[in-house]
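Have a look at the structure below before the remarks.
Every chain is numbered from 1, with letters handed out A, B, ... down the list of sequences. The basis for the numbers below is simple: all heavy atoms, side chains too, and nothing from hydrogens, waters or symmetry mates.
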Protein chains: 2
Amino acid sequence: MLSIGELAAFVGVSTRTVRFYHSRGLLPEPPRDEAGYRRYTAEDVVRLSRIVALASAGVPLVRVGELLEAGEAEFAAGVAEVDASLQAEMKRLRALRSTLADLDSPDRLALPEILGRAIEKMRGAGAPTAYVDLYRDAWILAHALYPAEIRAYLAEFDLWSDPVYLDMQVRMLQLADVDAHDPRVDALAEDTVDWMEANRDAGSLKGYGELFSDERANRILTAQWIMTSAWDRLSELVMNGAQERGLVPTTPEG
Amino acid sequence: MLSIGELAAFVGVSTRTVRFYHSRGLLPEPPRDEAGYRRYTAEDVVRLSRIVALASAGVPLVRVGELLEAGEAEFAAGVAEVDASLQAEMKRLRALRSTLADLDSPDRLALPEILGRAIEKMRGAGAPTAYVDLYRDAWILAHALYPAEIRAYLAEFDLWSDPVYLDMQVRMLQLADVDAHDPRVDALAEDTVDWMEANRDAGSLKGYGELFSDERANRILTAQWIMTSAWDRLSELVMNGAQERGLVPTTPEG
DNA sequence: TCTTGCCTTGACGTAGCGTCAACGTCCTTG
DNA sequence: CAAGGACGTTGACGCTACGTCAAGGCAAGA
């Protein structure tokens with residue numbers, strides 16, 4: 001006959017834990033000896049080791065109780081479910097490790113040089129300060145959330161060294177708070193599509209599309225705090241134009 | 001400027017979580033707009049995404065705060081530590097998966113057939129009931145905690161089919177509560193060592209040693225609830241005799 | 001105007017134990 | 001045989017990292 005301390009030591013938990021499991025009805029209260037001490041059998045060891053295995057796999061104790069009371073088939077199904085969640089957790093941890101690897105670079109708030117220079121040029125070219133700041137914030141955000149991807153992209157495609165692209169970006173910033181149907185919006189949209197067509201083989205457009213392909217990235221781009229009605233219409237016009245000229249794969253879902 | 005909901009959505013947490021981090025001083029309270037709403041910048045996104053990354057790696061929030069306030073070197077060291085703990089956790093989960101795989105066999109409380117038959121034979125041979133029960137419990141325990149290993153061992157080495165071994169086990173059970181210095185203890189010890197020497201090449205001894213080589217297994221064998229003073233002395237005599245005849249590797253640590 | 005949705009603070013609830021507190025019991029050692 | 005230390009008992013409060021109302025203010029579309 002085992003004491004509570006021996007039982008706990010066998011399965012590697014504390015006595016407090018065993019008593020807690022009693023209070024939750026997971027482990028039945030064993031008979032007491034004359035002194036009022038709990039006395040356990042091998043059967044309790046089996047039950048407790050099951051509980052501990054499931055609990056240490058992260059199964060909520062309520063669910064552990066259900067599984068222990070359930071039939072053989074349901075128990076096996078439950079264990080399979082737990083196993084799947086363990087695999088998912090391991091996947092999450094793997095992903096987390098690569099996130100952490102990017103975390104210790106202290107320059108996440110510093111803009112990559114290329115972008116910093118480009119932004120200074122835009123400021124110098126008369127783009128409105130407030131919107132240049134928003135533009136800068138958006139890139140900082142993107143760089144903060146996807147440092148490796150952004151750096152790789154910028155290293156490969158230096159769009160801002162192209163004076164035509166730079167000029168279009170300045171015009172875009174200047175049109176931030178004009179009326180959405182201002183003719184300058186239409187003009188810029190046409191110029192942009194022209195530029196895209198001229199650069200269709202440069203690879204940078206494709207790279208840009210790949211860069212921002214997942215859901216979180218989409219939230220950055222469509223964030224309302226950086227969107228004005230003129231920009232909304234501008235991006236719509238550009239998307240339509242690009243699709244018409246076959247510069248962008250038509251997405252069937254819309 | 002981001003609202004708290006937008007900020008939270010960017011990094012994938014709830015607004016409650018963001019406010020909680022404010023209350024813990026992990027994320028500074030941002031300025032408010034005229035309505036009293038919190039307004040965030042890209043800088044806050046960076047800081048929050050760091051916090052979330054560390055927290056979801058299981059780092060306690062107090063420690064997260066320390067790391068964020070620490071210098072670059074200490075931060076890097078801390079992140080390395082976290083990474084190590086993630087690897088350890090993945091190792092734990094892998095081990096847990098194999099434990100779970102053994103969990104759904106409903107016969108963990110059932111003794112393997114070989115043992116069941118052996119125990120019946122011992123009972124028939126006049127071994128005291130109470131101690132046969134203890135013996136049985138110990139094997140149930142071992143089987144409960146190490147089902148795969150025990151089954152593999154029993155499948156390979158059927159010691160109880162050897163009538164000499166069976167007889168020795170019965171004698172052992174009969175000597176449970178005699179005086180530790182009863183001459184029958186010495187006699188049994190000598191017979192046991194003789195038997196071990198005769199079977200030194202059978203492999204079963206080595207297998208037995210490997211089976212119970214880790215710490216938890218040791219706790220089963222040395223559990224006080226199954227040890228009497230006579231058995232204590234018996235096992236001491238056997239160990240000494242086996243070492244003298246070179247049947248067991250001498251452990252340098254004692 | 002009314003509804004809907006996001007924002008505010010504050011308070012209480014939750015899981016899975018850890019950690020006293022205040023006390024009885026068992027075993028060993030002087 | 002007394003004393004100490006290791007173990008057992010119940011009960012209550014503490015802890016982390018939030019979730020979840022409650023009770024209200026502000027903004028914007030039908």
Under 3.5 Å: donor-acceptor pair, side chain of R63(A), backbone of A55(A):
no
Side chain to side chain, H22(A) and P30(A), heavy atoms closer than 4.5 Å:
yes
Do we get R50(A) above F75(A)'s six-membered ring, with its NZ or CZ under 6.0 Å from the centre and within 45° of the axis?
yes
If you assign V59(B) and E34(B) each to the DNA chain D nucleotide with the nearest heavy atom, which residue ends up on the more 5' nucleotide?
V59(B)
Quick one: F20(B) CZ to dC15(D) C1', roughly how many Å, whole number?
11 Å
Write down the distance between NE2 (H22(B)) and P (dC18(D)), rounded to a whole number of angstrom.
14 Å
Over all heavy atoms of both residues, which pair between L26(A) and R47(A) is shortest? Give the atoms and the distance, please.
O-NE, 2.9 Å
Would a distance-only check, ignoring hydrogens and angles, find a side-chain to backbone donor-acceptor pair under 3.5 Å from N240(A) to L237(A)?
no
Assert: residue with more 5' nearest nucleotide on DNA chain C, out of V62(A) and D33(A), is V62(A)
Residues at least two apart in sequence or cross-chain that pass side chain to side chain donor-acceptor pair (under 3.5 Å) with T192(A), listed by chain then number, are none
Could you run down nucleotides 3-14 of chain C 5' to 3' and tag each one B, S or - for protein heavy-atom contact under 4.0 Å?
---BSBB-B---
Would one find a side-chain N or O of Y21(B) under 4.0 angstrom from OP1 or OP2 of dC18(D)?
yes
Phosphate contact (dG19(D) OP1 or OP2) by T17(B) side-chain N/O below 4.0 Å
yes
